[in-house]
Amino acid sequence: MKAARLEDGKLLIRDDPMPTPGFEEALVKISAAGVCHSDLHLARGDWLGAQNLTSGIGHEAIGIVTALGPGADRFAQVGDRVILGLGGTGGGYWCGACEYCLSGQPRHCKESKGILGTFCEYFPVYARSLVKIPESIGDHEAPLACGGLTAYGAVKKLSKHHVLPGRKVAVIGAAGGLGHYAVQIATAFGYDVVGVDVGPERLAFVESLGASRAVGADRAAEVVQKEFGGVDASLVFSASMAGFKLGFALLKRAGLFVAVGLPPTREGNIELNPFEFFLKDPTIIYSAVGTVQDMRELVDLAAAGRVRSHVSRRGPLSDLPAIFDELAAAKYLGRAVIDELGR
Ligand SMILES: [Zn+2]
Ligand SMILES: [Zn+2]
């Protein structure tokens with residue numbers, strides 16, 4: 001079968017042997033796989049400790065279960081149409097019994113394993129992490145598995161930190177692969193969304209997604225502070241330190257800062273002046289991916305037509321290197337999907 005892999009950090013597309021599903025695993029024939037910014041970061045060695053990798057790549061997909069390993073029939077059946085990936089981190093295995101698993105944070109489970117390698121024809125996956133999808137959700141919705149789920153997890157944390165529906169929240173990087181979901185999800189939850197991005201085309205797109213206001217990054221700090229006195233929460237999807245700085249600049253006092261984007265390590269650290277910290281008193285959290293329950297809830301929202309993936313680039317597996325270049329240069333809006341894995 002065809003598969004894209006990283007070998008010592010180099011992206012190769014090659015013929016691999018057909019995998020067999022292990023204990024509690026299902027084998028999924030991939031119909032479509034989304035291209036996430038994290039895949040690009042991994043392929044380019046942008047993150048400390050994740051350089052020159054040898055591994056599979058890709059972590060958001062939709063497919064059909066074609067075989068089951070021992071014990072998997074409790075969680076999936078042959079013929080199930082499923083979404084898989086769970087945002088990569090944690091979707092490969094979790095123990096289900098430790099303090100983190102039982103408190104709804106399986107990502108921190110000591111035994112947790114990620115999912116990497118959905119850019120291939122057949123992928124074996126921990127069957128417990130699969131979520132069945134209805135026919136009304138097309139194959140091009142594969143990016144819901146990471147982009148959508150990550151946005152959903154971040155928006156869901158707002159109310160946990162006392163930012164309730166009706167309040168003003170900023171989405172930084174609102175036209176991007178994750179941000180465009182966050183605008184739709186936060187709007188569906190009843191938040192008043194200020195979308196921040198760059199350029200007229202991207203800002204028009206943000207407004208079309210339901211944001212009550214779309215503002216250019218260069219003017220956002222001034223406009224938001226002047227007109228609203230700041231936002232209750234900033235959701236930062238931008239994978240750049242400039243986006244992080246802007247997230248802090250938009251917050252009102254005692255606001256909630258939710259980091260989601262993961263800038264390259266070479267961009268350095270978040271700087272926080274202690275006196276400003278004292279004055280502004282923000283709550284700062286990181287939100288990574290989501291759980292299998294979050295995925296089920298998001299699938300329900302998508303089935304109800306409240307959230308859609310905006311896919312503006314499609315291609316066969318052999319296009320993956322070109323798609324990475326286009327993603328790095330922000331050449332398309334929303335998300336890209338590989339919809340022919342065998343070519
Ligand atoms: Zn655990
Ligand atoms: Zn991802």
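Both counts, for ligands and for their atoms, begin at 1 and track the order of listing. Here, residue 1 is the first one in the sequence, and each next residue gets the next number. Predicted model, so just to flag it, every value in this text is computed and none were measured. When reading the values below, keep in mind they use all heavy atoms of this one structure, side chains included, and skip hydrogens, waters and symmetry mates.
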Salt bridge or not for [X] and [Y], using N-O below 4.0 Å?
X	Y	value
Asp15	Lys2	yes
Asp192	Lys168	yes
Lys245	Glu271	no

Check whether the side chains of Asp39 and His59 place a donor and an acceptor atom closer than 3.5 Å, and report yes or no.
->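 A donor-acceptor contact under 3.5 Å links the two side chains.
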Ring geometry between Phe248 and Phe257 (parallel below 30°, tilted from 30 to 60°, perpendicular above 60°) =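 Answer is parallel, since the angle falls under 30°.
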Looking at Pro21 and Leu68, what are the two nearest heavy atoms and their distance?
->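 The pair with the smallest heavy-atom distance is CG-C, 3.9 Å.
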Protein N, O or S atoms less than 2.8 Å from the Zn ion (ligand 1), ignoring waters?
->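 Correct list: Cys95 SG, Cys98 SG, Cys101 SG, Cys109 SG.
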Which is the closest N/O/S atom of His59 when seen from the Zn ion (ligand 2)?
->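 Of the nitrogen, oxygen and sulfur atoms in His59, the Zn ion (ligand 2) lies nearest to NE2.
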Result of checking Thr291, Leu86, Val82 against Ser129 for side chain to side chain contact (heavy atoms under 4.5 Å, CB included) |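 Per the side chain to side chain contact (heavy atoms under 4.5 Å, CB included) rule, the option paired with Ser129 is Leu86, out of Thr291, Leu86, Val82.
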Heteroatom N/O/S of Cys36 within less than 2.8 Å of the Zn ion (ligand 2) |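 Looking at Cys36, which is the residue asked about, there is an N, O or S atom under 2.8 Å from the Zn ion (ligand 2).
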